[in-house]
Each structure stands twice: as structure tokens, then as C-alpha cells.
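Notes to accompany the following structure.
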Amino acid sequence: IPIQRLGVEVQVWARNVKERDELSQQILDRFRSRIVTFSSTEKLHDIRVDGTNNVDEPGEQGLKRKIINVSFLEILES
């Protein structure tokens, strides 16, 4: 059975750190509970958070951003 590891980068933008962290946690919870819309959701396994990175945009009112790297195994049909 062919298997491949796929990676996804999710960027979360928010007005403040609290909002950014709450949105990020909601996204991670959806990945962990497999409530993610992909064409082959039932074939996703070994979902991993490979890393996160907080980025503050420049300026006094700079937006807050978090980059989340997620990967998973997909079982391919032959």
C-alpha cells in the first residue's frame, strides 16, 4: 500500500496575542480530532504538529501571526 507524508502550513492572523493563540488552538484541536476538510480525510493518519512560529508584524498596531506546520500520512489507493 503506497503511503506519503504531506505537509500543510497554516497561517493564523489576529489583532492581538490572545486572539491569535485562541484561534491557533482551535485549529490544532480540529486537526487532532480529524475535523478537517480534505478530499480524503478518512485516509489521514499520524497527524503531527511539526512546529509553530509567532510573528509580530511591524508597526504600533501590527497584526499578530502564528505559522503552524502540520504533517500527516495519507494512504494512497493503488
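Count residues from 1 along the sequence. When reading the values below, keep in mind they use all heavy atoms of this one structure, side chains included, and skip hydrogens, waters and symmetry mates.
- To the nearest 0.5 Å, atoms CZ (R48) and CZ (F72) are separated by 12.5 Å.
- For the residue pair A14 and R20, the shortest heavy atom distance occurs at CB-N, 3.4 Å.
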Q11/R65 under side chain to side chain contact (heavy atoms under 4.5 Å, CB included): CA gap, chis, key distance, verdict: CA-CA 7 Å; Q11 295 200 25; R65 178 168 50 129; 2.9 Å; yes
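- Looking only at side-chain heavy atoms (C-beta outward), I68 and E9 stay at 4.5 Å or farther from each other.
- Hydrophobic cluster membership differs between I27 and W13, with clusters built from Ile, Leu, Val, Met, Phe, Trp and Tyr side chains linked at under 4.5 angstrom.
- In the hydrophobic clustering of ILVMFWY residues, with side-chain heavy atoms under 4.5 Å counting as a link, V49 and V8 come out together.
- Cluster membership check: V55 does not share its hydrophobic cluster with V10, using side-chain heavy-atom separations under 4.5 Å among Ile, Leu, Val, Met, Phe, Trp and Tyr.
- Within 6.0 Å of CD in Q4 there are more than 12 heavy atoms belonging to other residues, nucleotides or ligands.
- The same ILVMFWY cluster, assembled from side-chain heavy atoms under 4.5 Å apart, contains both L6 and I47.
- The nearest pair of heavy atoms linking D50 to S71 is OD2-OG, 2.7 Å.
- When the shell of 6.0 Å around CZ of R15 is examined, it contains 12 or fewer heavy atoms from other residues, nucleotides or ligands.
- With rounding to the nearest 0.5 angstrom, the CG atom of L73 is 6.5 Å from the CD1 atom of I3.
- In this structure, K64 does not pair ionically with D21, as no charged nitrogen and carboxylate oxygen lie closer than 4.0 Å.
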